Protein chains: 2
Amino acid sequence: MVDPFAPVPAYIQLADALAERIKSGSLRKLMPIPSETSLQQEYGVSRGTARHAVALLRERGLVFTVQGRGTYVGKPPNA
Amino acid sequence: MVDPFAPVPAYIQLADALAERIKSGSLRKLMPIPSETSLQQEYGVSRGTARHAVALLRERGLVFTVQGRGTYVGKPPNA
DNA sequence: GCGGATTTGTACGTATGTATG
DNA sequence: GCATACATACGTACAAATCCG
């Protein structure tokens, strides 16, 4: 759960939490991370904030996203 | 003016239009690009879409942003 | 092929916080 | 104090892609 009163923005807290779950191995390579709506409920944030957090992970190269499928840990298999 | 019916998203149309204005020299280095609210009115999009477009230009290294000041063409003078 | 469910993508709106001038 | 501008966060709605029965 994200702390809405913390000085660090919710989307960063969420991104860090997910990065930790990946680093710890609880989310493994090529496995899907929770959907945006799941993150919304699990962490008590809006979908926009969840999307923002996932976008950060994408910029860091930790995950890749496929429309209609989901977001996965690691780098895209092909291309 | 952005075409909301075009297959290419509004924020990409806007980013491309701004990139063109920079490339053509109508927006010159270290000069501020129009504010988000200006872009909003000039191109008939919402502020969120204007912000999205500017974020793209930032990722491409075409502009840099200073909170409370504005967004400028080129790279940050210092640092 | 079709329809429904799921998931991400786009676009809009509003409110509030923070920083600068 | 006020105006401007960016940052964060919430909400809604619909589109597009995918998957499955």
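By convention in this document, chain letters (A, B, ...) are assigned in the order of the sequence lines, proteins followed by strands, and residues within each chain are numbered from 1. Please read these numbers as outputs of a predicted model, since none were measured by experiment.
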Just to be sure I understand the rule, does A:Ser46 reach a base, reach only the sugar-phosphate, or reach nothing, if contact means heavy atoms closer than 4.0 Å?
base
Separation of atom CZ in A:Arg51 from atom P in D:dC10, rounded to whole Å:
15 Å
Is the phosphate of D:dC10, meaning OP1 or OP2, less than 4.0 Å from a side-chain N or O of A:Thr49?
yes
D:dA17 OP1/OP2 closer than 4.0 Å to side-chain N/O of A:Arg69:
no
Flag, side chain of B:Gln13 to backbone of B:Val8, donor-acceptor distance under 3.5 Å:
yes
Quick one: is D:dT8 close enough that its OP1 or OP2 comes under 4.0 Å of any side-chain N or O from A:Tyr11?
yes
By nearest atom, which of the nucleotides D:dT8, C:dG9, C:dA11 is closest to the B:Pro9 side chain?
C:dA11
5′-ward residue of the pair A:Gln13/B:Ile33 relative to DNA chain D
B:Ile33
Taken to the nearest whole Å, CD/B:Glu36 to C1'/D:dT4 is 11 Å
Of all the choices, D:dA13, C:dC12, D:dT8, which nucleotide is nearest to the side chain of A:Arg47 once you look at every atom?
D:dA13
How close or far is atom C1' of C:dT10 from atom NE2 of B:His52, stated in whole angstroms?
9 Å
Tell me: CZ of A:Phe64 to P of C:dG9, nearest whole Å?
13 Å
Write down the distance between CG (B:Leu56) and C1' (C:dG9), rounded to a whole number of angstrom.
13 Å
Sub-4.5 Å side-chain heavy-atom contact between A:Ser35 and A:Gln41:
no
Rounded distance in Å - CD (B:Gln40) to C1' (C:dT14):
12 Å
Let me see the working for A:Thr65 and A:Arg58 under side-chain hydrogen bond (donor to acceptor under 3.5 Å, both in side chains), right down to the final yes or no.
CA-CA 8 Å; A:Thr65 296; A:Arg58 208 158 36 228; 2.7 Å; yes
Ranking D:dA9, C:dT8, D:dC6 by distance to the side chain of B:Thr71, first place goes to D:dC6
Whole angstrom value for the distance that separates P of C:dT8 from CD of A:Gln67
10 Å
Would you find a donor on one side and an acceptor on the other, under 3.5 Å apart, between the side chain of A:Ser24 and the backbone of A:Glu20?
yes
Can you tell if the side chain of A:Val54 reaches within under 4.5 Å of the side chain of A:Tyr11, non-hydrogen atoms only?
no
Return the value, rounded to whole Å, for the distance between atom CG of B:Leu14 and atom P of C:dT10.
14 Å
Of the listed nucleotides (C:dG9, D:dA7, C:dC12), which one gets closest to any side-chain atom of A:Thr65?
C:dG9
